[in-house]
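Data first, discussion second: the structure below is written as structure tokens.
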Amino acid sequence: MPEKEYKLCYPQLGNYDIAIQYFVTHGLHLKYMSPPAMTKRTIELGAKYSPDFVCAPFKCHMGNYLEALEQGANVLIQTGGTCRLGYYGELHEQILKDMGYDFEIFNLTLFRYRNIFGMIRGMKKYAPRATLLQIAAAVPATFRMVLAIDRVEDYYRQNMGFETKKGSFDAVYNHFLAGLKRAEGLREVSRIFKQTMANLKAIPLEKPDRPIRIGVIGEYFTIMDPFSNHEVEKKLAEMGAEIHRWMNLSNSLLICPEKSTLKKLRHYIHYDLHKFPSSIWVDIQKKQSSRYVTYDMGSSAVSTVTLAEYYAKKGFDGLVHIKSFGCTPEMDCIPVLHNISADYRIPILYLSYDTQTSDTGIETRLEAFYDMLSMKRTKTQKQEEKR
């Protein structure tokens, strides 16, 4: 009997699909099908076959899965999570099988495997011929890709709004992503990253000494997927703001000091590639980041509050809080964020997304928010000049 040919697919989440594809093809030696780019059809398809009041990430994943199955994928990857997302894998699987699709779901929720090594053993079901050595050998380059993507995107967000020639940052960024897709190992990933950063830093900028700085905080999936949040960060940057976002895969999964399983990998993936105060993670893990947090509210809620206070203390001009409609942990954050806003006199724009969210409506609110921050900055400068 011929061996079954597995075709794996992971739902869209920013550009991390590149790193996942590398691991599947180079570590598991299996075929990987990149999910089609998310479109209005993806969202409508996901919403049609999802419970009405489930959060937008569930519907986005459902749409991704349906389009992937249409294109021939037969193993769907699900990562689980620390909120309701933790059992979404089972619900996605049940709905899709009730619809008649023949597939398997590879749920990466850690409690199923106890630790990362148990997870690797679980992968052997789909890749029986791949040795543990081959799988482990692909991990450093995979993690380094994630780190490189996050570092490049950080610089992009903080500087692209000040380019003297429109499109310069996008050209380098797109070339970087194309290079990563062709990369064959850790050394090549490192070379592409270094060259990209050099190219980005060579782009002429007209950046003021004190640009308007905006911190982006909020729910894990929506904050990291540009399509899901209607490219909020890029739109604000193009208005002339320096955008900061801590929440990404590097900071939340790879460089956390408490993730002891990954400590030995840091030497190989260049742990210091993505610099950020490690004390932030210590605070988040202890749930004692400030007087605003005593207990863990679930999912990314503690990091949302911690980072809001961090940005406020650093003198940022404003914050944008992003969440999907019905995200309970982030809803619990809002009263706390109101207090931070009042205590530090920092404006916060609250954006809640569902499958019906209008791009025009988001853009109008962003423009009004940026104008308000600009007027507030001008008023503050005049007051300082009088003194």
Side-chain angles (χ1 to χ4, degrees), residues 4-46 49 56-80 85 88-89 92-93 96 101-108 119 123 126-127 130 134-135 138-139 141-150 152-153 156 170 173-186 188-189 192-193 196 220-222 224-229 231 234 248-250 253:
K4 184 175 181 179
E5 182 181 50
Y6 290 111
K7 298 177 183 177
L8 281 67
C9 182
Y10 180 77
Q12 191 72 38
L13 178 60
N15 292 302
Y16 296 124
D17 181 69
I18 297 172
I20 296 169
Q21 180 171 2
Y22 177 88
F23 180 76
V24 170
T25 56
H26 289 76
L28 302 180
H29 299 282
L30 295 174
K31 287 189 176 181
Y32 183 81
M33 297 187 62
S34 295
M38 274 208 280
T39 63
K40 186 178 180 182
R41 178 184 183 269
T42 311
I43 304 301
E44 290 175 348
L45 199 60
Y49 295 104
F58 182 99
K59 297 172 184 177
C60 291
H61 282 198
M62 178 63 78
N64 278 155
Y65 286 147
L66 284 165
E67 290 185 331
L69 290 168
E70 288 173 357
Q71 293 194 1
N74 56 15
V75 177
L76 304 179
I77 303 173
Q78 165 62 253
T79 55
L85 185 62
Y88 278 180
H92 279 130
E93 182 178 18
L96 291 169
Y101 287 102
D102 181 22
F103 68 98
E104 295 183 42
I105 194 158
F106 181 30
N107 197 325
L108 296 178
M119 186 184 295
M123 295 175 187
Y126 304 102
Q134 289 174 324
I135 296 173
V139 171
T142 302
F143 283 178
R144 185 69 193 274
M145 278 187 178
V146 173
L147 287 162
I149 289 170
D150 289 337
V152 167
E153 290 185 351
Y156 176 91
D170 282 340
Y173 179 62
N174 292 333
H175 183 72
F176 161 70
L177 295 178
L180 276 191
K181 289 177 182 178
R182 297 190 299 267
E184 291 295 325
L186 179 61
E188 192 172 353
V189 173
I192 292 169
F193 167 73
T196 300
Y220 199 76
F221 174 85
T222 309
M224 288 195 290
D225 186 66
F227 184 86
S228 298
N229 63 45
E231 296 193 320
K234 186 173 183 179
N248 56 39
L249 286 189
S250 298
L253 294 180

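Around the NE2 atom of His175, the shell of radius 6.0 Å holds no more than 12 heavy atoms that belong to other residues, nucleotides or ligands.
Interatomic distance, His26 NE2 to Gln134 CD, rounded to the nearest 0.5 Å: 12.0 Å. Atom CD in Gln78 sits 7.0 Å away from atom OH in Tyr10 (nearest 0.5 Å). Rounded to the nearest 0.5 angstrom, Leu186 CG and Met145 CE are separated by 9.5 Å. Residue Asp17 holds its CG atom at 9.5 Å from CG of Asn64, rounded to the nearest 0.5 Å. The CG atom of Leu66 lies 6.0 Å from the CE atom of Met62; values are rounded to the nearest 0.5 Å. Expressed to the nearest 0.5 Å, how far CD1 of Ile77 lies from CG of Leu8 amounts to 4.5 Å.
Without hydrogens or angle criteria, Glu44 side chain to Gly46 main chain gives no donor-acceptor distance under 3.5 Å. Proximity of a side-chain donor or acceptor of Asn74 to a complementary backbone N or O of Lys7 within less than 3.5 Å is detected. Looking only at distances, a side-chain donor or acceptor of Asn229 sits under 3.5 Å from a matching main-chain atom of Thr222.
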*Going through the checks in order, is the side chain to side chain donor-acceptor pair (under 3.5 Å) test met by Tyr16 and Asn248?*
CA-CA 10 Å; Tyr16 296 124; Asn248 56 39; 5.0 Å; no

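Nearest heavy-atom pair, Tyr32 versus Cys9, reported as atom, atom and distance to 0.1 Å: CE1-CA, 4.0 Å. In this structure, Phe193 and Arg144 approach most closely via the heavy-atom pair CD2-NH2, 3.7 Å. When all heavy atoms of Ala68 and Met33 are compared, the pair lying nearest together is O-CE, 4.4 Å. Taking all atoms of both residues into account, the shortest heavy-atom contact from Thr42 to Ala37 is OG1-O, 4.0 Å. Across every non-hydrogen atom of Leu28 and Ala130, the tightest pair is O-CB, 3.8 Å. For the pair Pro35 and Gln12, the tightest heavy-atom approach, listed with the atom from each and the gap, is CG-OE1, 3.6 Å.
Comment: Arg41 engages Glu67 in a salt bridge, judged by a side-chain N to carboxylate O separation of less than 4.0 angstrom.
Two residues are said to be in side-chain contact when any heavy atoms from C-beta on lie closer than 4.5 Å; Met224 and Leu249 meet this criterion. Side-chain contact between Tyr88 and Pro57: absent, with no pair of heavy atoms (C-beta onward) separated by less than 4.5 Å. At a threshold of 4.5 Å between non-hydrogen side-chain atoms, the residues Gln71 and Pro36 count as touching. Between Lys234 and Asp170 the shortest side-chain heavy-atom distance falls below 4.5 Å. The shortest distance between side-chain heavy atoms of Asn15 and Tyr173 falls below 4.5 Å. Looking at Leu96 and Leu76, their side chains come closer than 4.5 Å, going by heavy atoms from C-beta outward.
Taking the six-membered ring where the residue is Trp, the centroids of His92 and Tyr65 are separated by under 6.0 Å.
Phe227 pairs by the side-chain contact (heavy atoms from CB on, under 4.5 Å) definition with Met38, Ile43, Asp225, not counting sequence neighbours.
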Side-chain donor-acceptor distances from residues 18-25 under 3.5 Å, at least two apart:
residue : atom : partner : partner atom : Å
Gln21   : OE1  : Ser34   : OG           : 3.2
Thr25   : OG1  : Gln21   : O            : 2.8
Thr25   : OG1  : Tyr22   : O            : 3.3

